[in-house]
Amino acid sequence: MIPPDDVSPSNRSIEGDSLAKVASEVRACTLCRLSRTRIIAVPGEGNPDADLMLIGEGPGYNEDKLGRPFVGAAGTFLNELLASAGLRRQDVFITNVVKCRPPQNRDPLPDEIEACSGYLHRQLALIKPKVVSTLGRHSMSRYFPNERISKVHGQPREVGGMTVVPLLHPAAALHQPALRATELEDFARLPAIMEAVSQPPAEPEQAQPAEDRSRKPDQLRLFE
Ligand code: URA
Ligand code: SF4
């Protein structure tokens, strides 16, 4: 069982918004049908200053009972994946594309994902992570609607000014143990990807006009 000490309520605010406000709205939300079958909504938790934000699919049985993300078997493996990459769960922020459990753990429906997207956008705007990792294909398809996860997993891409790394869902390896090694390899790349995003732009060989200097670096060798 994961201790609750990695829950970090935050009062950081952007124009009056805060993670605590998002969380309390989520807990009372009735914007989609999942509100009728959930026990407890699961806003997400973690470090409000996280460099890495992980976005899963939706709460499962255990998450729905406890109101916390990734606390069941997939969560145990996620903790292992993070630890193996030298990352600590309390340093990242973990949430889902839908904050309420789909009945019988069915896939979230497009209209449910859409209804819930405002909360995810606010969390992203407040946390401003360096890197976003999607876990599983529902979360991935928010950023790469036409990609196949089997093809693009582990490869960082720039999307809307963010670096997004699509990853396999931790539960995938619980069903298919052969995927374990792939998940471990993909997670192992995250620290270097986060480091690359932190680097200042390389000095240009020739002086650039002033307005070009503020440009973000074209994403780095890792991204090629
Ligand atoms: N699977 C998910 O996608 N999210 C959770 O929070 C738990 C399991
Ligand atoms: Fe609201 Fe999202 Fe829960 Fe639907 S899944 S009720 S939109 S919090």
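Being a predicted model, the structure only gives us computed values, none of them experimental. Just so it is clear, the values below take in all heavy atoms, side chains as well, and ignore hydrogens, waters and symmetry mates. Each ligand, and each atom within it, is numbered from 1 in the order the structure gives.
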Would E45 and R68 count as a salt bridge (Lys or Arg N to Asp or Glu O under 4.0 Å) here? Give the steps.
CA-CA 7 Å; E45 67 187 28; R68 301 182 53 216; 2.8 Å; yes
Test side chain to side chain donor-acceptor pair (under 3.5 Å) applied to K130 and S198, step by step:
CA-CA 8 Å; K130 285 182 183 149; S198 314; 2.9 Å; yes
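Of the listed residues (L135, N105, D107), just one forms a side chain to side chain contact (heavy atoms under 4.5 Å, CB included) with E57, and that residue is D107. Applying salt bridge (Lys or Arg N to Asp or Glu O under 4.0 Å) to E147 and the options R142, R157, R137 leaves one that passes, R157.
Counting heavy atoms only, G58 comes closest to atom 5 (C) of ligand 1 of the residues G44, P69, A73, G58.
In this structure, the side chain of S141 engages the main chain of H138 through a donor-acceptor pair within 3.5 Å. Remark: the backbone N or O of D64 is not paired with any side-chain donor or acceptor of R38 at under 3.5 angstrom.
Within the 4.0 Å heavy-atom cutoff, R68 does not count among the residues contacting ligand 1. Ligand 1 has no atom lying under 4.0 Å from any heavy atom of A171.
Here the protein heavy atom with the shortest distance to atom 6 (S) of ligand 2 is S35 CB, 3.6 Å. Looking only at heavy atoms of the protein, atom 8 (C) of ligand 1 is closest to F70 CE2, 3.8 Å. Nearest non-hydrogen protein atom to atom 4 (N) of ligand 1 is N96 OD1, 2.8 Å.
Under a 4.0 Å criterion applied to the non-hydrogen atoms of R38, ligand 2 contributes the atoms 3 (Fe), 6 (S). Listed by number with element, the atoms of ligand 1 under 4.0 Å from a non-hydrogen atom of H169 are 1 (N), 2 (C), 3 (O). Heavy-atom proximity to C116, at under 4.0 Å, picks out these atoms of ligand 2: 2 (Fe), 5 (S), 7 (S), 8 (S). Within the listing of ligand 2, atoms 3 (Fe), 5 (S), 6 (S), 8 (S) sit less than 4.0 angstrom from a heavy atom of C100. Near K99, meaning under 4.0 Å from one of its heavy atoms, ligand 2 places the atoms 5 (S), 8 (S).
Residues P59 and I40 form no side-chain contact, since every pair of their non-hydrogen atoms from C-beta on lies 4.5 Å or further apart.
The ring of H169 has its center closer than 6.0 angstrom to the ring center of F70.
Look at C29 and atom 1 (Fe) of ligand 2: an N/O/S atom of the residue is under 2.8 Å from the metal.
Both the backbone and the side chain of E57 come within 4.0 Å of ligand 1, judged by heavy-atom distances.
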